[in-house]
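Values reported hereafter were calculated over all heavy atoms of this structure, with side chains retained and with hydrogens, waters and symmetry mates removed. Letters A, B, ... mirror the listed sequences (proteins, then strands); counts begin at 1.
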There are 2 protein chains.
Amino acid sequence: MSMGITIQEASRKSGLSAHTLRYYERIGLIHEVDRGPNGHRTYAGADLDWLDFLTKLRATGMPIADMCRYAELRRQGPQTAAERRRMLEAHRERVRARIAQLTGDLGVLDYKIDFYNALESR
Amino acid sequence: MSMGITIQEASRKSGLSAHTLRYYERIGLIHEVDRGPNGHRTYAGADLDWLDFLTKLRATGMPIADMCRYAELRRQGPQTAAERRRMLEAHRERVRARIAQLTGDLGVLDYKIDFYNALESR
DNA sequence: GTGCTCCTTGGAGCGCGCTCTAAGTCAAGC
DNA sequence: GCTTGACTTAGAGCGCGCTCCAAGGAGCAC
């Protein structure tokens, strides 16, 4: 079944550069992508799903080091599920806090902008 | 009137390190802080207010380069008020977008965490 | 065979935002 | 006078997350 797609296609689908895909593999974020007969990487559907999730974690500001930790736990199998859940819960709290902080700072921006508007419309 | 406070006190009040305060001055984010007779910086109340605002912009992810641009406009006087307002409005949009994105990603985290919980409580 | 293109690797380089070092000045305390 | 400590400067260094480079190999077109 599916031979998997090339690194360029995986790059396009994941939004990560081919450079970054190789880098992620090098540091252990993605584990041992399959190779074609010529040694070229062939990404499977599961790899793309995993990349999507990684992208989500990155987008929410999780450091690469933490993502590596998570990836390693995942590789160790189901008995690490609880620890992975705890990692995600802790991260969720950080994201919530970040949203709260940004929302607060938005108020400062609103205030400043109103101030400029008052200046101009007078 | 107020001689201003030392760099250490300004550091404590602003939450920025003394190193960072000097750095911000070097790159033009803060303009020419007053000096005491011995050449030491003395920060005035206005400097601290400005630092607070800078900190807000940083916290919301504005790049240093943009902050420098804003600082320069501010130095040029009231005739740049409209451009500064436009900068802040554009930045506010980016912050709103960031909040929206984080909020969306939070949903993915919730979903994953629920999945782990379902695994465990079965 | 000669290009051309796409892939491979190890390792170097980069942009950002600090963060720290080295060497020197100055004022206060003993 | 000497030490201590906080300050000054120019400039080097660092951690993160990529991003790119050089050298080489495999497959296809001509």
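A search for salt bridge (charged side-chain N to carboxylate O under 4.0 Å, His left out) contacts involving B:R58 returns nothing, not counting sequence neighbours. Shown here are the salt bridge (charged side-chain N to carboxylate O under 4.0 Å, His left out) partners of A:R94, two or more places apart in sequence or in another chain: there are none. With sequence neighbours left out, A:R85 forms a salt bridge (charged side-chain N to carboxylate O under 4.0 Å, His left out) with A:E89, B:E120. Residues forming a side chain to side chain contact (heavy atoms under 4.5 Å, CB included) with B:R12 (at least two apart in sequence, or on another chain): none.
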Checklist line | Per-nucleotide protein contact string for nucleotides 6-23 of chain C, where B marks a base within reach and S marks sugar-phosphate only (heavy atoms under 4.0 Å, - for neither) | finding: -SBBBB-----BBBBB--
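Screening residues 4-60 of chain A for ring-ring contact (aromatic ring centres under 6.0 Å, His included) gives A:F53-A:Y70 as the qualifying pairs, with residues at least two apart or on separate chains.
The CD1-C1' distance, from A:I27 to D:dT19, rounds to 13 Å in whole Å.
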